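The structure appears right after this line, and notes come after that.
Note that this is a predicted model, so its numbers are computed, not measured.
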Amino acid sequence: MAELFKIGNKTVAAEEFIGLLQRYQLLPQLIRGAIVDEAIAGYECTAAEEQELLAKFYEQNKLETPEVQAAWLEAQGITDRQLIDVVTRPVRLGRFKQEKWGNKVESYFMTRKPALDRVLYSLIRTKDLGTAQELYFRIQEEEQSFAELARQYSQGGESATGGLVGPTPLLTPHPAIARTLAISQPGQLWPPTRLEEWFVIIRLEKFYPAQLDDSIRPQLIDELFEVWMKEQVQLSGSVKAVSVASQPS
């Protein structure tokens with residue numbers, strides 16, 4: 001017998017229900033959710049942790065009394081146990097991530113470090129080589145400051161900031177600029193360089209090397225998790241309705 005779903009006043013067959021999920025672009029979320037549920041099935045929170053998370057949820061949603069909480073659960077069509085599963089899910093997922101990738105973060109960090117390093121640099125760009133050379137010599141001879149000349153002559157958005165760009169990840173600028181900055185020392189001024197239709201003058205102001213600290217570590221674990229998730233989604237294949245004959249009692 002085909003499975004049917006009741007949505008408001010409409011009855012939807014299983015095959016049609018999957019089509020609706022695809023139409024509303026909810027199927028990827030369903031697949032991810034199922035994969036996560038399977039992955040964290042063996043991870044639990046203590047009773048104290050459950051109650052703390054539940055209390056925090058009720059507080060955030062201004063469900064202050066047991067009567068209000070019970071009415072809310074009934075309106076949502078879920079039980080207290082189901083809500084506990086929801087509020088503890090991020091914690092259980094975090095423990096799964098830490099166990100699976102916590103000891104791989106250091107090596108992964110080294111491969112990602114060039115993209116995580118940040119730079120603060122000054123930039124002037126103009127389409128006239130003669131102007132670029134004149135500005136370069138004025139800065140070099142300290143006749144005028146880089147910021148003053150950038151505001152007056154630079155033909156890009158950096159003119160509004162006195163030529164300052166960043167701090168920004170080292171790999172964000174144009175590849176040619178990134179290569180120059182990567183071999184620069186703070187304060188090093190580079191003569192005009194042709195970059196597409198521009199002539200650019202660059203000076204590295206400050207280099208911020210990435211460090212594997214408490215802010216970067218979760219980010220990298222999340223990146224590893226997303227790589228794993230993409231693989232799991234591909235392995236899961238398509239979703240289809242399956243009819244299962246009921247067994248005689």
Side-chain angles (χ1 to χ4, degrees), residues 28 32 94 97-98 100-234:
R32 282 178 63 98
K97 290 178 182 179
Q98 182 61 40
K100 190 169 181 66
W101 295 290
N103 61 352
K104 300 178 182 178
V105 172
E106 285 76 9
S107 58
Y108 181 62
F109 170 74
M110 297 310 298
T111 66
R112 290 279 286 116
K113 189 177 183 303
L116 298 171
D117 289 336
R118 297 183 303 145
V119 288
L120 175 67
Y121 65 100
S122 292
L123 170 70
I124 293 176
R125 52 178 157 173
T126 176
K127 294 185 178 180
D128 182 71
L129 176 59
T131 299
Q133 291 175 329
E134 174 65 23
L135 298 178
Y136 169 74
F137 287 122
R138 288 193 201 177
I139 297 169
Q140 189 179 47
E141 298 301 322
E142 299 184 349
E143 295 178 10
Q144 289 179 272
S145 70
F146 199 119
E148 181 183 357
L149 293 172
R151 289 191 182 94
Q152 189 173 355
Y153 293 100
S154 195
Q155 295 176 294
E158 66 282 343
S159 63
T161 60
L164 277 177
V165 181
T168 184
L170 180 57
L171 298 186
T172 298
H174 187 284
I177 294 178
R179 286 194 294 270
T180 299
L181 293 171
I183 60 173
S184 298
Q185 295 297 319
Q188 185 172 355
L189 179 69
W190 291 84
T193 303
R194 183 69 179 262
L195 186 60
E196 298 174 356
E197 74 270 29
W198 302 100
F199 292 96
V200 299
I201 305 169
I202 305 167
R203 183 174 71 192
L204 176 65
E205 303 297 342
K206 193 167 183 180
F207 179 72
Y208 302 87
Q211 296 181 336
L212 186 56
D213 54 24
D214 291 340
S215 64
I216 293 293
R217 184 178 291 272
Q219 174 188 329
L220 297 182
I221 289 179
D222 283 343
E223 289 181 10
L224 290 168
F225 168 73
E226 288 301 327
V227 171
W228 173 84
M229 176 59 73
K230 184 178 293 186
E231 294 172 350
Q232 298 306 305
V233 169
Q234 290 174 345

Within the side chain of Q155, is there an N or O that forms a donor-acceptor pair under 3.5 Å with the backbone of K127? yes
Any donor-acceptor N or O pair under 3.5 Å, side chains D213, S215: yes
What is the distance from atom CD of Q219 to atom CG of D214, rounded to the nearest 0.5 Å? 13.0 Å
S159 (side chain) donor-acceptor with G156 (main chain) under 3.5 angstrom: yes
Does a side-chain N-to-carboxylate-O contact under 4.0 Å join R217 and E106? yes
Minimum side-chain heavy-atom gap S184-R203 below 4.5 Å: no
Taking the side chain as everything from C-beta on, heavy atoms only, tell me whether I201 gets closer than 4.5 Å to L123. no
So, do F199 and L135 sit near enough that their side-chain heavy atoms are less than 4.5 Å apart? no
Pair R138 + E134, salt bridge at N-O below 4.0 Å: yes
Under a 4.5 Å cut-off applied to non-hydrogen side-chain atoms, are I216 and Q211 in contact? no
Is a side-chain N or O of E143 found less than 3.5 angstrom from the main chain of E141, in a donor-acceptor match? no
Run the salt bridge (Lys or Arg N to Asp or Glu O under 4.0 Å) test on E197 and R125 for me, step by step, so that the C-alpha distance in whole Å, both residues' side-chain angles and the decisive distance to 0.1 Å come before the verdict. CA-CA 10 Å; E197 74 270 29; R125 52 178 157 173; over 6 Å; no
For P209, does its backbone N or O pair with a side-chain atom of D117 as donor and acceptor, under 3.5 Å? no
Could you tell me whether a side-chain N or O of T193 sits under 3.5 Å from a main-chain N or O of P191, the two making a donor and an acceptor? yes
So, are E226 and R32 salt-bridged, with charged N and O less than 4.0 Å apart? yes
What's the spacing between W101 CH2 and L220 CG if we round to 0.5 Å? 13.0 Å
